[in-house]
Participant: 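Take a look at this one; I'll ask things after.
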Amino acid sequence: MILHPGILALLGGSLLSVLLLIKASGLGLTILLRWDGTSSSEQQLALEHKTWLISSLLNAGLGFQIVSGVLFLATVEAIHPLFVGAMCATGTLNANLVGWLVLLVKGLLFFAAALWVIFNRLDQRSEDAPLLRPKYLALLLITPLAFLDLTLQYSFFSGLHPDIITSCCGSLFSEQGQSVLSELAALPPVTAMALFFPVIAIYYVLTLCCLRSQNALLRYLLFITVIVAFFIALAAIISFISLYLYQMPSHHCPFDLLQAHYNYIGYPLYAGLFGGTLFGLLPGLAAPLQHHPSLSAHIDQLDRHWLWISLIGMTVFLAIALWPMLFAPFTLLRSG
Amino acid sequence: MNRQLKLLEYALAGLTRRKGKNVALLLVYAFTIAALGSVLFLTDALRSEARQTLDHAPEMVVQRISAGRHELIPRSYATTIAQLPGVRQATPRVWGYYYDALVRANFTLMGVTEPETQIKDLQGQLPAADNECAVGIGIADIFGATIGDSLVLVDAHGKNRVFAISGIFSAHSALLTHDLILMPEPALRAFFNLDPTVATDIAVSIANPREITTLAKKVRYHLPDTRPISRSEILHTYDSIFNWRSGMMFAVSVAALIAFCILAWDKATGISADEKREIGILKAVGWNTGDVMAIKFWEGLILSLSAFLIGTIAAWLHVFVLGAPALTPILKGWSVLFPPFSLQPVTDPYQILVLAFLTIAPYLACTLIPAWKTAVTAPEQAMRS
Amino acid sequence: MWRARLYLTATLCGILTLTALLMTGQQPNDSADKQQLVAAFGLTDLALFSEARYTRHPSQADLFTAFQDSPGAIDHFPSGSLVVPIPGSRTRSITVLKGER
Amino acid sequence: MLLKTEHLSKIYNRGRPDELTALNAVSLEVHTGEAIALCGPSGSGKTTLLSLLACMSRPTSGQVWFDGKSISRLPERFLAALRRDHFGYIFQQFNLIRDLSVIDNISIPLLPGTLSPQQIRKRGMSVLEQLDLADKAKQKACQLSGGEQQRVAIARALIGNPQVIIADEPTAHLDHSLTNDLLNILSALHAGGATLLIATHDPAIYHHPLIQRTITLHNGSLADLLAP
């Protein structure tokens, strides 16, 4: 365990958010059990008041997840000098096996909390709250995920043993440990490009089609494309986008982008990708809800917003990724 | 956007109406943040100082270990090490400690072999004769000595020895030289009564940094009673030490933060009849619970953001302008020769992020539930007061 | 709206001040002289806490030893901060002879 | 028909020893543009009825219709929007926020809405001018006299251009001449097309020519139904 302020902040924050979420799911459970939309008893009124608390707890939870994701990466980066052989945040994550899992759970939590907040807002626009039950059932699933996040983070950080001069054996600990890899195994750039550009093209075509047509099928296709594109884009960042951004032929770290040294270019890059993905998922997820008469008008209205936000996010991502490929002197693939 | 601006305006009006209470809260909050911030800034600056200046330390230091303790090393080991391929130079070093009971401080005595070197941070000369020494600014200050004065130290035989001060290190380098006394190596050996065949340790200079680990293994293989310490390990150790120190002090200061959050919780839950009436009015004229919660959120954000800015700026001034007067007694312990902090104001934006997260998040979380309790006040409340 | 405007302006000023303060630290540093010093004498540690070997030379000390060899030194574990060091028993009076000038 | 209630009942603290039936099966209709006085002794349920009609609380049983739409089971945020957009409420004790300026006080109902700060200010000033208060806009509410406070309270009720103006004992704290001022303002509003609902036991009001209909409550029930 490293007593590092960033680690204290992350663990403390996660603990706090788990406590808030436990409170929220307790309230959610009461609502699931006792909700009666037709009643006007004081008990029902109290339940209705509780929905406000739950949405505000979840909003706070989402805000926390976004900040804590950034903080997690920054902390992992900040402590990498403690580990011999770790060249950047990747080295810290590799230091024990849980690191990547924490990152995955954090990503999942971000998407789960964001979707919950967005669908909660949609539901609150209608007078009869048709999504009430699914919403609070989903809440009961988010809470264990947050708990998992806390425990994984704890076991990750407590399993980190910095390489300090501890005993008479001096520097012999510095032998490259079995799990320390300084670079991620990356796809060959040509393969990654061959996957990345077509899937992005499909994404653009589908989004533009969705903007013109109300067809639900297109939205389901977009949903799947966005998920595929998200993972391919992550692989592409590791495989070739980072190389262009760093202007170095073998530096694959996806986290160094977030450093001051690279002008924090990673933040808009990842924000664009995550935002574009999140809002690209929404039309497909909302399409089956069209049959609720009280929601369909709202969905029609929001659908266009979502598509545009997704488009803007993806374009920001793509612009940052492509800029150095088109305008910087560094070339990875020689033409000819 | 517009709506949030209007709610912000109302929240500000609400805060100014309860001025006394909120200003007091703001000050306590800012003070807590300033305390935490000072710890962070100080340790971070020390860490980066160590990282930067020690970047030129010897690539490897070889100690001899005997019975689990650091032992004097035979000079012949230096020859053995120097013969390993890849080693540029192996220099035996002689240094030790000297406790001065009068000032109750520990000095570090070091032997120098090349007095002709020109050191920019040294006023005067390096010691050339056996009765000369160069001292750090801390030692010069504690005795009120200047160049040309003499320092009297008791040697290993219990005899007083007089050393003329030939040079004093500048205050700029105090973090490295504060307690240092340099004297020619033969003089130091005589002073400590050291055998000429031994040294304290051996500094090894290595041409290719990638070979340090390999060479460390070779040294251990050829000289099994040694302990090689590489420069990167020294830097790691400093990183860990300051993480540990700041984490430790942080853990203590967090108690203050928790106490503050309890205060905030208490303030937020104990709403006055006046406030309850106000919320009732707001709701009666058409606000919903969400709007009221929004102004409560704004109130919390305004308070915590202002406190954060005030506290962080105060911490910066405290550490880098005033030299952290409030923290040095804690750091100092009983060390009399504590160097003045003239640290380079290096702060990582990451530290600011950590500080913001640690101080703003608990406050906002603490006010969430009380804000909701206030916000669900029934609009009828306004009619029945 | 004057309150909101005033607040936003003040906050912006605060953020700018903070950023400016943080930027001052990122100036090209003056550590070249110190680096030369370190290189010349082969220094390995900061002279921050001179009370004991493990604090004066953290990188050179064996951290696991409970009582270090320096006078009155105590352990580096938190308990150390609660125990007062043994008062110096040896006494001496003369330490400095003023120069002849 | 603007407002309609059907078998409206409100029971406080139901199932507890201090259970209180404030309203019992009240059915009434209010037409657009009417001016109605709601009479009855204290504790007869006037305030409860007004709070139900003004969407501030929900009935224990029975229905409320506003503009042909049942509102008695609406979620709170929709009720709040109705209150803001269609109702102006004048409270018995003015209910101003003491330390806020007059203009800030009357802007409160519009803050969560979509109007810009400038539009709100413009609207507020025009309402204040209408009520002859424009020169007091920057003063704090607690520095005003009783009559001025009453007019500020009316201004706050009017700022959202409400269809229905509801007043709960508006003259309880006013002397004779101020009561007349108030009635003149209310008459002007009524002439402008607003529907008025005034709870009062002040004869100066329910005998005023402005009032077209009087409803009397007794122990939570409509008195004219009980006694012929």
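All figures in this text were calculated on a predicted structure; none of them were measured in a lab.
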Participant: Taking B:Ala50, B:Ser306, B:Ser173, B:Ala13 one by one, which has the highest count of heavy-atom pairs under 4.5 Å against chain C?
Facilitator: B:Ala13

Participant: For the residue pair B:Thr53 and C:Val38, what are the closest heavy atoms and their distance?
Facilitator: O-CG2, 3.5 Å

Participant: Does any non-hydrogen side-chain atom of B:Gln52 lie less than 4.5 Å from one of C:Lys34?
Facilitator: no

Participant: Is B:Ile310 close to chain C through its backbone or its side chain, or both, or neither, when contacts mean heavy atoms under 4.5 Å?
Facilitator: neither

Participant: Quick check on B:Phe163 against chain C: is it the side chain, the backbone, both or neither that has a heavy atom closer than 4.5 Å?
Facilitator: neither

Participant: So how far is it from B:Ile302 CD1 to C:Thr11 OG1, rounded to the nearest 0.5 Å?
Facilitator: 8.0 Å

Participant: Taking atom NE2 of B:His172 and atom CG of C:Leu37, what is their separation to the nearest 0.5 Å?
Facilitator: 10.0 Å

Participant: Against chain C, label B:Ile352 side chain, backbone, both or neither, depending on which of its atoms sit under 4.5 Å from a heavy atom there.
Facilitator: side chain

Participant: For C:Leu8, is it the side chain, the backbone, both or neither that has a heavy atom under 4.5 Å from a heavy atom of chain B?
Facilitator: side chain

Participant: Answer with side chain, backbone, both or neither: which region of B:Leu180 has an atom nearer than 4.5 Å to a non-hydrogen atom of chain C?
Facilitator: side chain

Participant: How close do C:Thr44 and B:Ala57 get, counting heavy atoms only, and between which atoms?
Facilitator: CA-CB, 4.5 Å

Participant: Quick one: what part of B:Thr16 sits under 4.5 Å from any heavy atom of chain C, side chain, backbone, both or neither?
Facilitator: side chain

Participant: Just how far is it from atom CG of C:Leu43 to atom CG of B:Leu54, taken to the nearest 0.5 Å?
Facilitator: 8.0 Å

Participant: Between B:Phe169, B:Phe107, B:Tyr10, which has the largest tally of heavy atom pairs under 4.5 Å with chain C?
Facilitator: B:Phe169

Participant: What closest approach, in Å, do C:Ala4 and B:Leu8 show between heavy atoms, and which atom pair accounts for it?
Facilitator: CB-CD2, 4.0 Å

Participant: Would you give the length of the straight line joining atom CG of C:Asp33 to atom CG of B:Leu122, rounded to the nearest 0.5 angstrom?
Facilitator: 11.5 Å

Participant: On a heavy-atom basis, which atom in B:Leu12 and which in C:Tyr7 lie closest, and how many Å separate them?
Facilitator: CD1-CB, 3.5 Å

Participant: Salt bridge (charged side-chain N to carboxylate O under 4.0 Å, His left out) with B:Glu185: which residues, sequence neighbours excluded?
Facilitator: B:Arg75, B:Arg189

Participant: Which residues pass the salt bridge (charged side-chain N to carboxylate O under 4.0 Å, His left out) test with B:Glu9, not counting sequence neighbours?
Facilitator: C:Arg3

Participant: Given a strict heavy-atom distance threshold of 4.5 Å, which part of B:Thr108 is in contact with chain C: side chain, backbone, both, or neither?
Facilitator: side chain

Participant: For the candidates B:Lys120, B:Arg231, B:Met110, B:His56, which exhibits the highest count of non-hydrogen atom pairs separated by less than 4.5 Å from chain C?
Facilitator: B:His56

Participant: Measure across B:Leu126 and C:Phe41 and return the closest heavy-atom pair with its distance rounded to 0.1 Å.
Facilitator: CD2-CZ, 3.7 Å

